[in-house]
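Worksheet: the structure to be examined is printed underneath.
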Amino acid sequence: MGRRQDDENFSFVSPCIKYLLFFFNFIFWVISMVLMSVGVYARIEKHAEAALAYLSLDPAILLLVVGVLMFFLTFCGCVGSLRENICLLQTFCISLIVVFLLQLATGVLGFIFSNKARAKVTGMVNDAIVHYRDDLDLQNLIDFGQKEFSCCGAISHKDWTQNIYFNCSTLNPSQERCSVPYSCCLVSKNESIINTKCGHGMQDMKESEVSIFINTSGCIDKLVDWIHSNLFLLGGVVLGLAIPQLVGMLLSQTLINQIKDQIELQENHSRHQ
């Protein structure tokens with residue numbers, strides 16, 4: 001009698017696996033909430049006329065998309081693990097597999113078709129240059145990139161003529177005509193105050209003269225050089241992103257198998273009663 005009662009109380013579901021998966025998802029659920037909050041705040045803070053400006057280049061929209069995706073996945077993982085719900089756990093596991101495979105495919109295709117990937121990125125940077133003044137977040141992002149990589153424009157500093165404010169046309173009434181943003185300028189470490197007008201008229205100057213005042217190398221070439229110089233760092237970042245996904249897949253699939261075994265055990269007990 002005692003042995004039969006022990007068999008009925010036995011459970012294949014490991015509390016350790018169950019709550020480890022829950023806390024694993026809970027951490028990323030909190031992160032997803034932070035990302036969505038920052039994204040929403042950034043969108044609300046924008047001026048009304050910029051609210052619909054070139055959304056595909058808006059960092060706030062990117063944060064929102066990533067946050068919503070993470071929220072959906074972690075919600076399925078949290079509730080599925082606590083409620084021992086196979087449907088939610090399978091949704092979580094399959095979604096992680098899809099995201100992982102998409103990331104892997106993107107990396108492989110980007111490596112194989114590097115020229116096309118380069119052309120695509122160049123097009124994105126040129127689009128960002130066109131909309132430089134339309135979005136403050138985008139403007140800050142471009143300025144940060146140009147200062148960080150000591151570059152100017154996508155291919156060269158003359159790419160800035162694509163922007164209506166920096167265009168070199170004689171019909172352009174802008175005070176910034178034929179200029180480049182201050183983030184293109186060569187700044188001495190001793191300078192405590194940045195001259196935001198330092199890029200004035202630089203597109204009109206000769207190449208040999210302009211290189212004294214601004215960076216003339218394009219950001220695409222500088223980005224490619226940086227990637228080649230930091231392959232181990234990028235590999236570590238990719239591994240850091242992949243490990244949580246693999247851990248989530250392993251834990252969720254293990255819990256699914258345990259729940260199925262438990263259901264089968266309960267059905268066997270029901271048949272023998």
Side-chain angles (χ1 to χ4, degrees), residues 1-42 59-111 227 230-273:
M1 183 73 179
R3 184 176 179 180
R4 183 176 178 182
Q5 189 174 4
D6 289 339
D7 290 341
E8 290 177 352
N9 292 331
F10 175 77
S11 175
F12 281 104
V13 178
S14 168
C16 181
I17 298 292
K18 176 179 175 178
Y19 290 107
L20 184 60
L21 181 60
F22 169 76
F23 285 116
F24 173 84
N25 279 283
F26 182 76
I27 292 170
F28 287 96
W29 181 79
V30 172
I31 294 173
S32 73
M33 292 291 288
V34 172
L35 291 177
M36 287 193 295
S37 300
V38 172
V40 170
Y41 175 77
I61 295 297
L62 180 61
L63 286 175
L64 275 172
V65 170
V66 173
V68 169
L69 179 61
M70 281 182 63
F71 181 86
F72 170 74
L73 290 178
T74 52
F75 176 82
C76 291
C78 282
V79 177
S81 57
L82 280 181
R83 303 293 296 175
E84 298 180 13
N85 187 301
I86 292 179
C87 181
L88 287 176
L89 287 172
Q90 285 179 332
T91 301
F92 171 72
C93 187
I94 292 171
S95 298
L96 275 184
I97 292 172
V98 170
V99 170
F100 181 78
L101 291 177
L102 285 174
Q103 291 173 342
L104 187 62
T106 301
V108 171
L109 291 174
F111 179 77
I227 289 173
N230 295 273
L231 288 177
F232 286 108
L233 174 62
L234 290 173
V237 171
V238 171
L239 187 63
L241 292 173
I243 287 177
Q245 295 176 52
L246 294 172
V247 169
M249 285 184 247
L250 177 63
L251 290 175
S252 58
Q253 192 56 53
T254 301
L255 187 56
I256 288 170
N257 292 336
Q258 290 179 348
I259 294 170
K260 287 180 177 178
D261 290 339
Q262 182 63 25
I263 292 172
E264 186 178 348
L265 178 65
Q266 290 173 348
E267 288 175 348
N268 287 335
H269 280 307
S270 299
R271 282 196 296 267
H272 288 87
Q273 283 180 352

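- For the residue pair Leu96 and Gln245, the shortest heavy atom distance occurs at CD1-O, 3.7 Å.
- Phe92 approaches Gly248 most closely through the heavy-atom pair CE2-O, 3.7 Å.
- For the pair Gln253 and Cys93, the tightest heavy-atom approach, listed with the atom from each and the gap, is OE1-SG, 3.8 Å.
- Atom-to-atom distance recorded for Ile256:CD1 and Cys87:SG is 10.0 Å, nearest 0.5 angstrom.
- In terms of heavy-atom proximity, Leu73 sits nearest to Ser95 at CD2-CB, 2.9 Å.
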Residue pair Asn85, Val79: steps toward the side chain to side chain contact (heavy atoms under 4.5 Å, CB included) verdict: CA-CA 8 Å; Asn85 187 301; Val79 177; 5.9 Å; no

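- In this structure, Phe23 has its ring center at least 6.0 angstrom away from the ring center of Tyr19.
- Proximity of a side-chain donor or acceptor of Asn230 to a complementary backbone N or O of Leu233 within less than 3.5 Å is not detected.
- Side-chain atoms of Gln258 come within 3.5 Å of backbone atoms of Ser14 as a donor-acceptor pair (strictly under, hydrogens ignored).
- In this structure, Leu82 CG and Phe26 CZ are separated by 10.5 Å, a value rounded to the nearest 0.5 Å.
- Atoms CG and CD1, from Leu102 and Ile97 in turn, are 12.0 Å apart once rounded to the nearest 0.5 Å.
- Contact record, Met36 with Phe71: CE-CD1, 3.7 Å, taken as the closest heavy-atom pair.
- Summarising the geometry, atom OG1 belonging to Thr91 is positioned 11.5 Å from atom CD1 belonging to Ile86; distances are rounded to the nearest 0.5 Å.
- Separation of atoms OG (Ser252) and CG (Asn257) is listed at 9.5 Å; rounding is to 0.5 Å.
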Pair Thr74-Ile31, side chain to side chain contact (heavy atoms under 4.5 Å, CB included): steps then yes or no: CA-CA 10 Å; Thr74 52; Ile31 294 173; over 6 Å; no

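- The structure places OG of Ser32 at 11.5 Å from CG of Leu64, a figure rounded to the nearest 0.5 Å.
- Nearest heavy atom pair, residue Leu251 against residue Ile17, reads O-CG2, 3.9 Å.
- A donor-acceptor pair shorter than 3.5 Å cannot be found between the side chains of Glu84 and Gln262.
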